[in-house]
Trainee: 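Below is one structure. I have some questions about it.
Count residues from 1 along the sequence.
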Amino acid sequence: MRSTESKGPRILGIGGAVASGKSTVAALFEEKGIPVILLDDLARELSRKGKPLWRLIVLAFGRFFLDGQGNLERRKLARLVFRSWPMLFCLNNLAHPLLFWEVRRRCQRLRADFVVVEGAVLFEAGLCPLLSDLLFVDAPWHVRRERLQKKGLQEKEIVLRLSAQRFLPALRRRASKVLINDSSIELLEHRVFFLFPDWFSRK
């Protein structure tokens, strides 16, 4: 974690397990006017046709994962990499450096006192040194499983995704705060505001 005396905005990283509710927590900050960078959305942007990550994926995995218009079929690629640790490792090695440099560039350009960066790969992408604070969002296994079911994932796919995040313990150890998201949105909001009162008292 970076020094709080560093120049630039204070950057809060929100990490945690898949389907723990990280994006829901990030949305609470965004509703208060705090800029939010979602790593999943940034990865989608960088993997659009012709973009840097798209080019690297085509070189590494071939054109099998492109549709008829040349767009990346992310769901098809996900089914492969979540079944194979070496494939997932390869994809992460392509994506994470790009995410790091793009997050750093965007945070430097934002004219804000506070910025939130949300994603499951804060540790793997090497983003922890950029952060002023780190919040780890967690939820019981059965709650996360139910959330993934509601998204339409099949049981085998759910188990693979829930088991794929090998660096979660390392991320949790670095977190200054841990938030359990296992109840209502109202209680979640109360817990977030309690943990970060200064973030919501001013922008």
Trainee: Can you establish whether the number of heavy atoms outside R63 located under 6.0 Å from its atom CZ is more than 12?
Mentor: no
Trainee: Could you walk me through whether R145 and Q149 pass the side-chain contact (heavy atoms from CB on, under 4.5 Å) check?
Mentor: CA-CA 6 Å; R145 179 173 170 272; Q149 285 177 329; 3.5 Å; yes
Trainee: Side-chain heavy atoms nearer than 4.5 Å, only ILVMFWY residues, links allowed to pass through others: does that put V117 and V178 together?
Mentor: yes
Trainee: How are the rings of F61 and F65 set to each other: parallel, tilted or perpendicular (split at 30° and 60°)?
Mentor: perpendicular
Trainee: Would you call the rings of F114 and W199 parallel, tilted or perpendicular, where under 30° means parallel and over 60° means perpendicular?
Mentor: tilted
Trainee: Here's a test for you: under side chain to side chain contact (heavy atoms under 4.5 Å, CB included), which of I11, I14, L12, L171 qualifies with L134?
Mentor: L171
Trainee: Between S84 (side chain) and V81 (backbone), is there a donor-acceptor pair under 3.5 Å?
Mentor: no
Trainee: Ion pair present between E45 and R106, side-chain N to carboxylate O less than 4.0 angstrom?
Mentor: yes
Trainee: So that I can tick it off, tell me whether D67 and K76 are bridged by a salt bridge, with the cut-off set at under 4.0 angstrom between side-chain N and carboxylate O.
Mentor: no
Trainee: Quick one: list whatever passes side chain to side chain contact (heavy atoms under 4.5 Å, CB included) with P97, sequence neighbours left out.
Mentor: none
Trainee: Kindly check if the number of other-residue, nucleotide or ligand heavy atoms within 6.0 Å of NZ (K177) is above 12?
Mentor: yes
Trainee: Could you walk me through whether V103 and L39 pass side-chain contact (heavy atoms from CB on, under 4.5 Å), step by step?
Mentor: CA-CA 8 Å; V103 167; L39 294 185; 3.7 Å; yes
Trainee: Going through the distances and angles, do D138 and L168 end up as a side-chain contact (heavy atoms from CB on, under 4.5 Å)?
Mentor: CA-CA 10 Å; D138 205 355; L168 279 179; over 6 Å; no
Trainee: Under 3.5 Å, is there a donor-acceptor pair between the side chain of R48 and the main chain of N71?
Mentor: no
